[in-house]
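The structure under discussion appears below in the form of structure tokens.
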Amino acid sequence: MSVQLPLETPAPSRETRPIPRSSRGDWTWELVATYPAQGSWSERDYLRLSDDVRAEYNRGVLEFRPVPTWIHAWIVDFLCTALRGHLQGKKLGWCTNSLVRVRTSVDQLREPDVVFLRPHRLPDPSAPSLGADLVMEVVSEGSEARERDLVTKRHEYALAGISEYWIVDPLTQTITVLTLPDGANAYAEHGVFGPGQTATSVLLAGLAVDVKGCFVVPEPE
Amino acid sequence: MTVQQTLNMISSPDIAERLTLRGEPVWELAERCFPHQGSWTAERYLQLDLNHLVELVHGQLEFVPMPTWLHQAVVLFLYRQLEAFVARHTLGRVSVAPLPIRLGANHYREPDVVFLRPARLPPGASYPLGADLVMEVVSDSPQDRERVLVTKRQEYALAGIAEYWIVDPLTQTITVLTLPAGATEYAEHGVFGAGQVASSVLLTGLYVLVSECFAAGQPPETTSEPQG
């Protein structure tokens with residue numbers, strides 16, 4: 001098999017880290033050399049990757065989401081169900097937890113755990129949305145993931161003009177609701193809600209999420 | 001090994017913390033996009049879209065070294081010799097790498113030069129099952145020598161390929177191996193050196209001048225006479 005490389009950007013130069021030879025049982029490392037190095041990815045090449053790669057795009061770098069756990073999935077399901085229940089019949093827009101791509105900047109594409117957006121943000125449903133109105137992230141384990149969800153994305157989502165950002169933290173069993181004042185580029189804290197409390201929204205008046213219920217293991221269906 | 005374990009093995013300690021950095025290869029893609037070595041199927045292998053020669057050996061990808069100018073020149077010389085003979089006698093078709101030849105369920109090789117009788121030409125867009133004669137030009141690396149001289153010798157014999165030419169620029173020899181009827185191992189027809197003429201058992205009348213073959217791989221003589 002020897003066909004033209006289909007990507008726009010060139011493969012890493014020899015100066016980048018050498019690729020180890022793979023043996024039986026290893027991942028096929030050599031194939032990594034046929035892709036661009038981190039920092040050199042074009043958006044088009046990123047979009048060509050298959051959906052199950054589960055990476056976000058950040059200024060030429062692919063940022064990989066950790067493989068989801070059941071705990072993560074249960075929390076996301078609970079949140080999305082609550083959100084969808086609130087939106088029922090109101091014809092405000094759409095919500096999903098299917099890891100759709102949200103454009104947060106000209107060279108940045110994120111996949112928040114839960115997304116709500118108004119229709120005008122989705123001129124082309126087969127392409128990434130133009131920002132979002134409300135996003136939720138369930139904080140993953142590890143210091144790197146915590147920093148990313150608590151600090152980095154808080155900054156990015158505010159700059160992207162996403163009105164509301166929910167940080168759902170299994171470690172502290174809290175839901176932090178951040179709201180973007182008109183014209184601001186940094187979030188203000190609407191509230192930090194713990195077990196026994198109900199998380200509420202500024203954007204979607206009437207949305208109420210039981211914090212304790214959010215973090216319990218659900219009954220088998 | 002996980003991505004993290006591999007990185008710990010090859011990274012310096014300060015980078016081992018982060019999975020990937022600007023300038024680093026994207027290691028995660030090996031884990032998320034492709035099967036691990038041993039799990040590759042023919043179907044997945046044939047979907048690969050690379051500018052690199054890759055063979056599939058029992059579920060494992062083997063990456064063929066990038067050929068040198070000399071290697072390619074020798075391959076093309078052999079191709080021209082064989083093609084001219086085959087065409088003159090309308091014996092079948094000749095091709096060069098990278099045409100995948102199927103040797104088994106998850107086993108494909110891409111010999112440097114391949115001769116196929118008409119009966120073996122595959123229908124439509126599929127790849128041939130086995131071949132009638134193959135030639136391999138040995139590359140510099142020790143892995144490739146072993147692969148061509150030993151491993152492929154066994155594989156091609158087991159696949160019933162009637163004749164196998166090993167063309168070795170290092171020793172400047174052409175070894176012609178022939179498969180006796182019903183055998184599963186090659187017998188040596190001859191080892192031909194400089195000044196000699198390599199002949200074929202399968203294709204009577206095919207001759208290759210060994211010296212001419214390796215001369216094809218040499219850079220042309222350049223006279224550096226001063227101008228004017």
Side-chain angles (χ1 to χ4, degrees), chain A residues 1-7 9-42 45-46 48-68 142-145 147-148, chain B residues 1-7 9-12 15 17-40 44-67 96-100 108 110 127 141 143:
Chain A
M1 297 266 91
S2 178
V3 188
Q4 274 301 319
L5 206 72
L7 305 177
T9 41
S13 67
R14 295 225 165 77
E15 283 72 47
T16 58
R17 184 171 306 283
I19 313 284
R21 279 193 65 219
S22 61
S23 312
R24 186 165 283 268
D26 288 342
W27 296 110
T28 314
W29 301 120
E30 291 88 340
L31 290 176
V32 162
T34 64
Y35 287 94
Q38 289 287 25
S40 304
W41 282 74
S42 74
D45 290 338
Y46 159 73
R48 274 208 188 116
L49 285 175
S50 82
D51 290 337
D52 55 1
V53 171
R54 256 193 325 274
E56 297 174 321
Y57 179 75
N58 185 16
R59 304 189 168 97
V61 174
L62 300 191
E63 292 184 2
F64 290 87
R65 302 178 63 87
V67 178
S143 53
E144 212 181 289
E147 157 129 9
R148 185 180 57 229
Chain B
M1 275 203 295
T2 62
V3 174
Q4 190 61 64
Q5 283 167 333
T6 298
L7 246 73
M9 185 183 82
I10 62 175
S11 302
S12 59
I15 311 185
E17 295 291 304
R18 302 280 309 262
L19 266 181
T20 48
L21 285 182
R22 237 160 238 283
E24 290 271 310
V26 185
W27 302 108
E28 293 91 337
L29 290 175
E31 189 176 359
R32 298 185 186 224
C33 288
F34 302 110
H36 65 261
Q37 290 287 37
S39 300
W40 283 85
R44 196 65 190 82
Y45 161 72
L46 293 171
Q47 279 170 9
L48 274 179
D49 208 7
L50 303 176
N51 70 343
H52 202 295
L53 283 178
V54 178
E55 296 173 320
L56 175 67
V57 182
H58 307 305
Q60 192 164 332
L61 293 194
E62 277 188 24
F63 293 85
V64 181
M66 255 328 173
V96 288
L99 181 73
Y108 283 79
E110 297 182 339
Y127 296 111
S141 78
Q143 287 115 9

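Sequence lines set the chain letters: A, B, ... in the order given, protein chains first and strands last, and positions in each chain run from 1. What you see below is based on every heavy atom in this structure, not just the backbone, and it leaves out hydrogens, waters and symmetry mates.
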[X] and [Y]: which non-hydrogen atoms are nearest, and at how many Å?
{"X": "A37(A)", "Y": "G23(B)", "value": "CB-O, 3.6 Å"}
{"X": "T28(A)", "Y": "A30(B)", "value": "O-CB, 4.0 Å"}
{"X": "R24(A)", "Y": "V57(B)", "value": "NH2-O, 3.8 Å"}
{"X": "S23(A)", "Y": "Q37(B)", "value": "O-CB, 3.3 Å"}

Notebook entry, point to check: What distance do W27(A) atom CH2 and E28(B) atom CD have between them, rounded to the nearest 0.5 Å?
Noted result: 12.5 Å
Notebook entry, point to check: Atom CH2 of W29(A) and atom CD of E31(B): how far apart are they, to the nearest 0.5 Å?
Noted result: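 If I round to the nearest 0.5 Å, the distance is 6.5 Å.
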Check: Non-hydrogen atoms of chain A under 4.5 Å away: do they reach the side chain of F63(B), the backbone, both or neither?
Finding: side chain
Next item on the list: For each of H58(B), Q60(B), E55(B), tally heavy-atom pairs with chain A at distances under 4.5 Å, and name the one with the top tally.
Entry: Q60(B)
Next item on the list: Quick one: list whatever passes salt bridge (charged side-chain N to carboxylate O under 4.0 Å, His left out) with R59(A), sequence neighbours left out.
Entry: D107(A)
Checklist line | Option among L62(A), V53(A), V61(A), L49(A) that satisfies the side chain to side chain contact (heavy atoms under 4.5 Å, CB included) test with V26(B) | finding: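 When L62(A), V53(A), V61(A), L49(A) are each tested with V26(B), the side chain to side chain contact (heavy atoms under 4.5 Å, CB included) holds only for L62(A).
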Item checked: Close side-chain approach of V32(A) and F34(B), heavy atoms under 4.5 Å ->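 When only atoms from C-beta onward are counted, F34(B) and V32(A) do not touch, as no gap falls below 4.5 Å.
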Note to self: If the condition is side-chain hydrogen bond (donor to acceptor under 3.5 Å, both in side chains), which residues does E56(A) pass it with, not counting sequence neighbours?
What the structure shows: R65(A), R110(A), K153(A)
Check: Side chain, backbone, both or neither: which part of R21(A) has an atom under 4.5 Å from a heavy atom of chain B?
Finding: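 Side chain only.
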